[in-house]
**Student:** 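Supplied in structure tokens, the structure appears directly below.
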Amino acid sequence: MKLKDKVALVTGAGSGIGQASALLFAREGARVAVVDIDEGAAKATAQQIEKGGGQALPLRCDVSKAADSQAAVEQTLARWGRLDVFYANAGVPQWPTSVEDVEEATFDRIMAVNVKGVFLGAKYALPVMKRQKSGVFLITASTSAIRPRQGVQCYSASKGAVVTMTKSLAMECAPFGVRVVSIAPVATETPMLPTFMGKTAVDEEGRARYIATVPLGRLNTPEDVAKAALFLASEDAAMVTGSCIEIDGGRCI
Ligand SMILES: NC(=O)c1ccc[n+]([C@@H]2O[C@H](COP(=O)([O-])OP(=O)(O)OC[C@H]3O[C@@H](n4cnc5c(N)ncnc54)[C@H](O)[C@@H]3O)[C@@H](O)[C@H]2O)c1
């Protein structure tokens, strides 16, 4: 078990990559705070963990709100007394749009969740890890940070921001033995995927268009990303910090 006796908090754990990561972390021995803005989804993931014999704490939290983020960390500490892994994964997508047609509110919401949400997670989780002199802070970025697609200029900028934030946080935390790493998945089979394609549901045209851009010839499953997150959260990645790890079937080559 790679996370035996560890305490992990995963944001956006009600669906997709966050859910797959929370389930895998629990199977690998972690007690998991399952954080999501959708309380029902958080509870459903927590129930799945408990059914598998694990321990879970479902928490409703909007990561873009300081009070919510602080409360999520505090409630996790109150339950289990420590925090070994914080996975800042919650995010929102962007419908592909020419820049002149992007609403200011769209930009603001994407930045609030995808960038400020990560900052707030770091603000409240990293002091705990610094005190412990151990911990791993993971961030879900995107291949959009490295090789953006047309029409998602705000989303791509948000992911670029957290890749750079990762490097600065890694420098700040290294003296405390705390690692900070971002993960850049290519298109992943989750409820978010159709939005990137500018569709309400993934269809054959959208899937084929995306697969054509991935040298390995398929899209990610949420489990592909969860397995990378598990490796990075574990001692196996003890010398990895400040990096952005692409899980992309070669998309960024
Ligand atoms: N699906 C993809 O193609 C893809 C590719 C690269 C990166 N990503 C990134 O992966 C991460 C996870 O996305 P996913 O694909 O699993 O999508 P998803 O829609 O399946 O899951 C996202 C989860 O985040 C939650 N969430 C949204 N806003 C929130 C907020 N303000 N506070 C707390 N929770 C919130 C949602 O309720 C949902 O449960 C995101 O950061 C996304 O940008 C996704």
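Each ligand, and each atom within it, is numbered from 1 in the order the structure gives. Computation of the quantities below employed the complete heavy-atom set of this structure, encompassing side-chain atoms and omitting hydrogens, waters and symmetry-equivalent molecules.
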**Student:** Using a 3.5 Å distance criterion without hydrogens, assess whether the side chain of Arg179 forms a donor-acceptor pair with backbone atoms of Leu232.
**Tutor:** yes
**Student:** So which of Val118, Val85, Leu83, Thr241 actually passes side-chain contact (heavy atoms from CB on, under 4.5 Å) with Phe137?
**Tutor:**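 For Phe137, the side-chain contact (heavy atoms from CB on, under 4.5 Å) test succeeds with only one of Val118, Val85, Leu83, Thr241, which is Val118.
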**Student:** Quick check: closest heavy atoms across Ala184 and Cys244, and the distance to 0.1 Å?
**Tutor:**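 Smallest heavy-atom distance, with atoms named: CB-SG, 3.6 Å.
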**Student:** Residue by residue, ordered by chain and number, which ones reach under 4.0 Å of ligand 1 with a heavy atom?
**Tutor:** Gly12, Gly14, Ser15, Gly16, Ile17, Asp36, Ile37, Cys61, Asp62, Val63, Asn89, Ala90, Gly91, Val92, Arg109, Val113, Thr140, Ala141, Ser142, Tyr155, Lys159, Pro185, Val186, Ala187, Thr188, Thr190, Pro191, Met192, Leu193, Phe196
**Student:** Which atoms form the tightest heavy-atom contact between Lys2 and Glu28, and what is the distance?
**Tutor:**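 Closest approach of Lys2 to Glu28, heavy atoms only: N-OE1, 2.8 Å.
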**Student:** I need the single residue from Leu138, Val35, Val10, Thr11 that forms a side-chain contact (heavy atoms from CB on, under 4.5 Å) with Phe86. Which is it?
**Tutor:**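 For Phe86, the side-chain contact (heavy atoms from CB on, under 4.5 Å) check succeeds only for Thr11.
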**Student:** Here's one to test your reading of the geometry: is the NZ or CZ of Arg149 within 45 degrees of the ring axis of Tyr155 and under 6.0 Å from its centre?
**Tutor:** no
